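Have a look at the structure below, then the notes.
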Amino acid sequence: MPFAGLVSRRVGQLSALLAMLVFFSAQLAGALLPYAPLFITASAAGLALDLYLHHKQPGLLALLSRVRFDVPTRQLLRDMLLVIGLVQMPGIDPLEETPLVLALLGAYAAHFACQAIAVLVRRNRTLPILTRNIDASVLRLSAAPPRILARQPSRRLLHFMIPATTGLLATAGTTDMVWGAIGVSLSLLLFFGGALHVATWLLPGKRIASERQVLAWLDSWLAEYKPTVAMYFSGGTTSAYQANMWLSTLAELDGKPLIVLRERFMMQKIDATDVPIVCIPKVANLMALEHSSLKMMLHPANSGKTSQVLRIPSIKHTFINHGESDKLSSCNPYAKAYDQVWVAGPAARERYQLADIGVDDRDVVEVGRPQLAPIKPYAGPPSGPYTTVLYAPTWEGWTDDPGNTSVILAGENIVRELLADPEVRLLYKPHPMTGSVDPRAGRANARIRAMITEANAERAADPGRTRPGAAAEAELAHRTRILDELATSAFRRSADDVERMMLQSTPDSERAAAVAAAQTAWEEAYWASLPEWEHQIITHVRPGIYPCFNAADLLISDVSSVVSDYLKSEKPYAVVNTSGLSEEDFRAGFPTVRAATILTPKADGVPALLESVRDPGKDALATARGELRVHLLGPSDPPSIVRFNEAARDLCAQADERRTRMAHRVTGIPSQREQDEAAAEAAAGAEDSGAEDAEDSVTA
């Protein structure tokens, strides 16, 4: 966020806090004087401000909640001042006010009763697992109760108290107790009716299956579906792209694919796919996979929860990563915990050997990068009036590895040089986690965005510049709406996990293909809606990095997986050296930059770089890029998906062999359950024998 915008936001928040204090103070003053106009005006303004903040400034309300001045506290204070004001107002008998106060207390009691019932309903609707693309109708799934009743107690209290507050203020202005009685009665009715309505979700007709029933159903579904290959993923809210990039590859594999997630929110972060998805948050329930037909798991990322599934010995595990680069993080020692490590090409194999972290070279399998298929090959120098440059820096990372991101030291210099060239069109796509660790990166990112915005304003001032027009924008809006409906499904605002699971329980084999077609149409509409002269700041999920590759004539990036993927196109690229190493040592230490133009933090090589892109005769690295592509990504024949699928079949075969050996080893050894059953039978036999002896003794 630009500095001016941040200042404006802070000023607005402070003004709102100050206004809230002023209104409460004025309400108190109007109640004690007593002065009805001031009292009514301040009370109404305070309620209106609270409603506005609740809808427009939830972040500010969260701050107030942290200092224990949340919605219930503010509403209780507001109602207390209303009661005090009515007592002080001339013409109102305090004894006549007593029923109003009791009714008001009854409204609060009904609110808390509604909240208690809502907690029970939420617990009942919290399933031990969640699914997508799986028919789970036997679990008696149902729609969720209204959100304001089930999950928004503060909003419920604030909104349901509006009639009571309005009626009491009317009484303060007219001294007629009828208005207060009507308002408080309406609020009481809202709370009581809401409590009764949400309680219907505890009745048998709306009550979903129990935890035991759900887990038993999961076991039966696994036995019926018989999955063979699964992708396991766990991560934060911004990490879903690491799994999404593998969806198409997973769907093309032989066998029965499955996606296993650990976080509930991740269910809606995964893009459209017809592959069944199961979310299992608890590690105890995760062990159900041990008794399934699952043979192997693909792991696109390491996480703290990965170790939990690695305990299952009947499943083979392979690390496929979500991108390959020369970063130290691409050779994490955690990799030796897997049965195999799948890499794109020889470069990654060498990287693991040089890292010396305990990964056996025999466990490294070269499979290519099948998800790079959408990247178009190099088609020659720019043919239009502009050279499109994609600047896609990585983020600062969790470690202090040198040269992680160029944003801090070189970003502004690079962008300044690019903007100075009138024939350049810049696409700026920073890593989504930029600034999450080092605030300097966040501030530099904000300054870069401000520079681009200013440059666009200068270009737009030229009367010769034109924009595509309303038709192109309408087409983009139309394509966006279609893609959103396909990719995210249209859920109502009150939908919870169970309702979304119910709506996504029917597998649709054509949906993923429809989403892919809609994605292609959206990308075409997106680029067509943009002026060819306008620089772009791309921070949303769409367009992804691959469409940006296809639109660019040149990539400028850091040592990251972006470079390896971009090499699939064999287009010119540059890497920024902010490591402090000499260019010679930099090239030697990072194989992915061997066919790149190396830029210094001062970015003084940008003009020559642009000239080599526009004139292929000055591009001395074309041959090197072709050779490096094979070294990084492997050969083109056989195709990557063929090699990937073959590696999956081989690992599944290893899992089958292990199961056969284990079954042979335990042949004749009774299981714990069999031992328990035998002991129970022996005990029952002993009891029967004792009873017979006793009977014979009595007879004798």
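Just so it is clear, the model here is predicted, and its values are computed rather than measured.
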- Just checking, is any N or O donor in the side chain of Asn456 or Thr453 under 3.5 Å from an acceptor N or O on the other one? no
- Item | Distance-only side-chain donor-acceptor flag, Ser494 / Arg151, under 3.5 Å | no
With heavy-atom distances below 4.5 Å as the criterion, would you say the side chains of [X] and [Y] are in contact?
X	Y	result
Thr539	Arg449	yes
Trp217	Ile134	yes
Val71	Leu64	no
Tyr241	Val541	no
Arg125	Pro145	yes
Glu524	Arg479	no
Phe160	Leu149	yes
Gln88	Phe39	no

Please say whether more than 12 non-hydrogen atoms of neighbouring residues, nucleotides or ligands are located less than 6.0 Å from [atom1] in [X].
X	atom1	answer
His540	NE2	no
Lys429	NZ	yes
Arg440	CZ	no
Met80	CE	no
Phe69	CZ	yes

Give a yes or no answer on whether the side chain of [X] reaches the backbone of [Y] with a donor-acceptor pair at less than 3.5 Å.
X	Y	result
Thr306	Asn302	no
Ser187	Ala164	yes
Asn244	Asp271	yes
Thr131	Val278	no
Arg500	Ala495	yes
Asn133	Ile277	no

Between [X] and [Y], is there a side-chain N and carboxylate O pair less than 4.0 Å apart?
X	Y	value
Glu499	Arg492	yes
Glu263	Lys305	yes
Arg542	Asp484	yes

When rounded to the nearest 0.5 angstrom, what is the spacing between [atom1] in [X] and [atom2] in [Y]?
X	Y	atom1	atom2	value
Leu261	Met267	CG	CE	6.5 Å
Ser239	Phe233	OG	CZ	3.5 Å
Thr166	Ile182	OG1	CD1	12.0 Å
Asn285	Ile129	CG	CD1	8.0 Å
Asp438	Trp395	CG	CH2	11.0 Å
Leu127	Ile280	CG	CD1	13.0 Å

- Task: Report the C-alpha distance between Leu17 and Gln13 in whole Å, list the side-chain angles of each, state the deciding distance to 0.1 Å, and finish with yes or no for side-chain contact (heavy atoms from CB on, under 4.5 Å).
- Result: CA-CA 6 Å; Leu17 287 175; Gln13 291 178 339; 5.7 Å; no
Heavy-atom pair with the smallest gap, counting every atom of [X] and [Y]:
X	Y	answer
Ala31	Leu81	CB-O, 4.0 Å
Gly180	Leu100	C-CD2, 3.5 Å
Ala136	Ser505	N-CB, 3.9 Å
Arg122	Ala150	NH1-O, 2.5 Å
Ile162	Leu158	CG1-O, 3.5 Å
Ser436	Glu396	N-OE2, 3.1 Å

- Geometric class of the Trp201/His197 ring pair [parallel <30°, tilted 30-60°, perpendicular >60°]: perpendicular
- Item | Residues Val498, Leu141; criterion side-chain contact (heavy atoms from CB on, under 4.5 Å); working and verdict | CA-CA 6 Å; Val498 171; Leu141 305 179; 3.8 Å; yes
- Message: side-chain contact (heavy atoms from CB on, under 4.5 Å) for Phe192 and Leu196? Distances and angles first, verdict last.
- Response: CA-CA 6 Å; Phe192 187 71; Leu196 290 179; 3.5 Å; yes
- Met89 vs Thr175, side-chain contact (heavy atoms from CB on, under 4.5 Å): CA-CA, chis, key distance, verdict: CA-CA 8 Å; Met89 290 295 167; Thr175 69; 5.8 Å; no
- Message: Under the salt bridge (Lys or Arg N to Asp or Glu O under 4.0 Å) definition, can you give me all pairs with a residue in residues 48-61, not counting sequence neighbours?
- Response: Asp50-Arg74, Asp50-Arg78
- Query: How would you list, by chain and number, every residue that makes a salt bridge (Lys or Arg N to Asp or Glu O under 4.0 Å) with Arg207, sequence neighbours excluded?
  - Reply: none
